[in-house]
Amino acid sequence: MKKLILATILAGLAMQAHTQGFLDLKRYSVTRQFGTARSMGMGGAIGATGIDFSVSQVNPAALAQIRVSQASGTIGLNFTNNSGTYLDHNIQDSRFNFSIPNMGIVLSKVQTKMGKEKTTGLVSYSFGFGFNRVNDFNRTISIGGTNNKSSYLDYLAEQATKYVDWNSTANNFYPFYPEELALAANAIRHIDSNKYEANLPNVVTMNQNYRYQQGGRQTDWNISWGGNFSHRIYFGAAIGVPAIRYNSTETITEQSDDPNLSPDVSFEHTTTVNTSGTGFNGKVGLMFRANDWLRFGLAYHTPTSYTLTDQFSYTFMSRNFTNGQFVYTSGQLLSSDPGNFKYKFVTPGKMVLSTALVFKKTAMVAIDYEMVNYKEAQSPTSELIFVNNLVNSNFQSASNVRVGGEYNYLDYRFRAGYALYASPFNDAILSAVNNDNLALQVYSVGFGYQEPDGKLFFDAAVTYERFDDYYTPYLLETTNRPYFTSANKIGITRLLFTVGTKF
């Protein structure tokens with residue numbers, strides 16, 4: 001039972017390819033802190049520091065600490081490496097992508113009375129507008145190995161047994177879903193009644209190769225305001241319109257490697273998905289300045305309601321499969337028409353506690369502590385009600401921690417930080433993967449330069465992310481054959497550069 005639960009949660013293509021699933025909701029629910037090179041150099045621990053626009057993503061009240069208007073933009077160079085082990089065979093893969101993790105402007109106003117700065121009441125305030133990236137989906141997984149126990153065609157045969165009515169198919173067949181394309185390509189065959197099987201010998205060895213390419217981003221656009229009351233209490237609020245752009249291409253290739261099977265049979269199946277949509281959320285925050293060197297912050301992020309649209313299509317090509325029920329040319333590429341599905345997701349909110357120690361203009365040390373109840377992740381779409389049951393059974397509340405510091409020497413700034421983002425899975429799932437906590441760890445260092453008595457500033461940061469993941473290409477529920485899961489180790493190096501000006 002534990003193996004089945006784990007595989008169901010971690011399966012990639014194992015879930016019905018024509019429905020949205022649990023992993024999609026997980027993907028958009030587990031977010032993290034991106035932003036300027038300065039904030040990333042500090043590990044993202046900026047909730048109680050008024051450093052730049054990126055703080056609006058954590059606690060909009062901290063914007064009120066910014067007393068000089070500023071604008072900045074950040075570019076990122078990302079290098080992702082994946083090491084996947086499947087059927088005792090290891091494959092390394094890498095990917096590079098360019099990103100814009102942050103861009104924003106802060107307009108600040110210091111209140112005066114009779115030509116002097118106010119010291120009580122609302123003494124200053126700041127408006128912010130721009131975006132911060134909260135997810136980067138760019139990643140490639142390549143796995144492969146020799147399998148003499150099962151084939152992806154066994155999975156497609158199971159799907160056909162569930163969903164394909166032979167009586168309708170034989171008379172009027174317009175293949176769309178992967179199992180229908182495989183049937184049309186003679187890679188699976190009808191046996192009796194509505195039962196199907198892989199068009200392979202009972203014992204056969206297949207060389208399996210799977211390539212899973214993901215791309216896209218999750219970006220939070222927001223309008224924020226922060227007010228400074230008597231240099232003691234800071235209050236802020238933000239309205240966010242997050243946007244999701246996600247794309248994936250999953251390619252499955254299998255070829256027989258068996259001297260008793262001649263000629264060799266092979267197939268290639270591709271699933272392409274493009275997801276886009278926007279959401280709505282809000283943030284409110286408070287900060288308390290205890291004295292010149294100690295600050296505390298508290299912020300609440302509401303759940304985000306997304307309206308998303310998927311566009312998806314499938315292709316299938318097979319070679320040398322015989323004894324099928326359809327006239328088919330070996331090597332002919334079969335393609336489905338594009339499909340669309342519109343649905344809603346609600347991702348969980350957050351509570352963020354922050355503190356910072358500020359040593360005049362020399363240095364600061366900051367900590368952010370996030371609490372996320374992943375059971376808040378739900379879908380109100382009727383076709384996806386099953387997702388909510390999986391969330392309730394397998395998610396839990398989790399905590400994220402970010403720690404960072406900055407040291408100033410003349411016009412130069414030196415930074416370092418660390419962040420730990422916990423997995424949303426509960427203890428039962430984590431124990432099923434040998435107590436691997438599946439946490440994301442981020443290590444960072446940074447450097448900055450401020451023009452002496454000038455308006456321009458420049459920041460750079462290097463971060464390294466490390467986490468483990470699992471990928472199951474297919475599940476077998478009724479076929480008496482085993483299936484396998486790959487263990488993946490992912491490392492991501494990011495180079496970030498921010499240029500800004502104060503005015």
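Both backbone and side-chain heavy atoms feed into the values below; hydrogens, waters and symmetry mates do not. Just so you know, these numbers come straight off a predicted model, no measurement behind them.
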- Query: Do the side-chain N and O atoms of Tyr474 and Ser150 include a donor-acceptor pair separated by under 3.5 angstrom?
  - Reply: yes
- When the ring centroid of Tyr343 is compared with that of Phe345, is the distance short of 6.0 Å? yes
- Query: Which atom pair, heavy atoms only, marks the closest approach of Thr74 to Thr36?
  - Reply: OG1-CA, 3.4 Å
- Task: Could you tell me how the ring of His269 sits relative to the ring of Phe316: parallel (under 30°), tilted (30 to 60°) or perpendicular (over 60°)?
- Result: tilted
- Query: Is the charged tip of Arg27 near the ring of Tyr246: under 6.0 Å from the six-membered ring centre and within 45° of its axis?
  - Reply: yes
- Query: Do the ring centers of Tyr212 and Tyr471 come within less than 6.0 Å of each other?
  - Reply: yes
- Using a strict 4.0 Å threshold on nitrogen-to-oxygen distance, state whether Arg319 and Asp264 make a salt bridge. no
- Message: Tell me whether the rings of Tyr418 and Tyr443 are parallel (<30°), tilted (30 to 60°) or perpendicular (>60°).
- Response: tilted
- Query: His301 side chain to Asn281 main-chain N or O, any donor-acceptor pair under 3.5 Å?
  - Reply: no
- Just by modelled atom types, is the Arg211 backbone N or O under 3.5 Å from a matching donor or acceptor in the Ser142 side chain? no
- Item | Sidechain-backbone polar pair: Thr249 side chain, Thr272 backbone, donor-acceptor under 3.5 Å | no
- Query: Would you find a donor on one side and an acceptor on the other, under 3.5 Å apart, between the side chain of Lys375 and the backbone of Phe395?
  - Reply: yes
- Distance-only polar pair, side chains of Thr146 and Asn207, donor-acceptor under 3.5 Å: yes
- Query: Nearest 0.5 Å, what's the OG1-CG distance between Thr304 and Asp220?
  - Reply: 7.0 Å
- In terms of the angle between their ring planes, are Tyr86 and Tyr210 parallel, tilted or perpendicular, with boundaries placed at 30° and 60°? perpendicular
- Quick one: do Lys162 and Glu179 make a salt bridge, cutoff under 4.0 Å? no
- Between the side chain of Asn102 and the main-chain N/O of Phe34, is any donor-acceptor distance below 3.5 Å? no
- Query: For the ring pair Tyr177 and Tyr163, is the centre-to-centre distance below 6.0 Å?
  - Reply: no
- Query: Just by modelled atom types, is the Ser318 backbone N or O under 3.5 Å from a matching donor or acceptor in the Glu268 side chain?
  - Reply: no
- When you measure from the side chain of Thr479 to the backbone N and O of Leu476, does any donor-acceptor pair fall under 3.5 Å? no
- Query: Strictly under 6.0 Å, is that where the ring centroids of Tyr28 and Phe137 end up?
  - Reply: yes
- Message: Applying side-chain hydrogen bond (donor to acceptor under 3.5 Å, both in side chains) to Thr85 and Asn90, what does each step give before you reach the verdict?
- Response: CA-CA 4 Å; Thr85 301; Asn90 181 266; 3.0 Å; yes
- Task: Using only heavy-atom distances, determine whether the side chains of Thr463 and Arg494 contain a donor-acceptor pair under 3.5 Å.
- Result: no
- Query: Looking at Arg139 and Asp469, does any basic side-chain N land under 4.0 Å from a carboxylate oxygen?
  - Reply: yes
- Any donor-acceptor N/O pair, Thr498 side chain to Ala37 backbone, under 3.5 Å: yes
- Query: Any idea which heavy atoms bring Gly44 and Asp368 closest together, and the distance?
  - Reply: O-OD2, 3.3 Å
- Identify whether the distance between the nearest side-chain nitrogen and carboxylate oxygen of Asp468 and Lys489 falls below 4.0 Å. yes
